[in-house]
Amino acid sequence: MWTGFPLFPEQASSIAQGVDNLYFYLVGVTLFFSILIFLCILVFAIKYRRRSESEIPPQIRSDWRLETTWIVIPLILTLVMFGWGTALYFQTFRTPKGALEIYVVGKQWMWKIQHSNGRREINELHVPIGRDVKLVLASEDVIHSFYLPVFRVKKDAVPGRYATMWFKPTKTGEYHLFCAEYCGTKHSGMVGRLVVMEPKAFETWLSGGVPGEPLQEAGQKLFSRLGCNTCHLPEEAGRCPSLEGRFGREVLLQTGEKVVFDEAYARESILNPRAKVVAGYRTLMPTFQGLVSEEGVIQLIAYIRSLSQTESIRNPAVRESERMSSGEASITRQREQ
Ligand code: CUA
């Protein structure tokens, strides 16, 4: 808008325009009524001022038409805010299938970011333009908030749970990323760089740098180091449920409830195995709280998710849907194109 004096960050994601439009509507309504009310106060104060010490104002009866008008108009205006806001919220809340997954861990005072091929970055986030990107957020200590102003998205990273957020970048360039939750002395230093790249440049960037161990391979090693593989055997042969082909589906619990086997469920079951036990199994599993770091949990989850991908190769009927739900598969697919 005004390049010399930017009031707003650039719009660099698919929802940025929509968020701004709602914001302008809110500002517009607020401005209009603020000005109207102030003008009325000013005009009426002059027009109906007391003219003599003995003046007594006449009795005024209210008019139902006037009452109805000032009930109905604000009602409509606020219901528009509600409906519009809700629609936008759902749009930002529902992650599209097939989004590229990136893990973000907040800690005092930095953002640690890891891509599924193992490439890591600190206080920097590289993403490709035109792709749906899903971030899985965790915190190692206190509440942080991952804020990408040009995408108009912000989400709290809360210790003890996962949060996800998504966006689709529409403009290449370098932008800011922030921590938007006061998290201690160096909160203000918890800033970084967001880089939106062309898909080819992103692929090159992703495969460059210090070659990291792919998340799922690191997870597989951790899985056997922690002894998970002694109980979670394939094909339901073990004392614990098989993890093959389970990720992304519903599981039936002892309580009769059903939950989706997602990142949050996997994480909870690693750290607090008694919370949601699968139907037909006993609560044998010990907690891994304190034995495995947030990063370790992320690696384990990447490995568990990969078990569902190999399953899908054996069963072609679910292959496409499984691929769609896996960020990594999408990268491969893009490479193939
Ligand atoms: Cu992290 Cu503020």
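Remember, it's 1-based here, ligands and their atoms both numbered in the order they're listed.
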Go through Arg131 and Phe202 one step at a time and tell me if the side chain to side chain contact (heavy atoms under 4.5 Å, CB included) criterion holds.
CA-CA 11 Å; Arg131 282 272 316 269; Phe202 176 73; 6.0 Å; no
Walk me through whether Met165 and Lys154 qualify under side chain to side chain contact (heavy atoms under 4.5 Å, CB included).
CA-CA 8 Å; Met165 67 199 267; Lys154 176 164 69 176; 5.8 Å; no
For a 4.5 angstrom cut-off between non-hydrogen side-chain atoms, does Val29 reach Met81?
yes
Passing candidate, side chain to side chain contact (heavy atoms under 4.5 Å, CB included) with Phe151, options Val19, Leu194, Val133:
Leu194
Classify the ring geometry between Trp205 and His126 as parallel (under 30°), tilted (30 to 60°) or perpendicular (over 60°).
parallel
Is the number of heavy atoms from other residues, nucleotides or ligands under 6.0 Å of Tyr23 OH greater than 12?
no
Proximal protein heteroatoms (N, O or S) of atom 2 (Cu) of ligand 1, under 2.8 Å
Cys179 SG, Glu181 O, Cys183 SG, His187 ND1
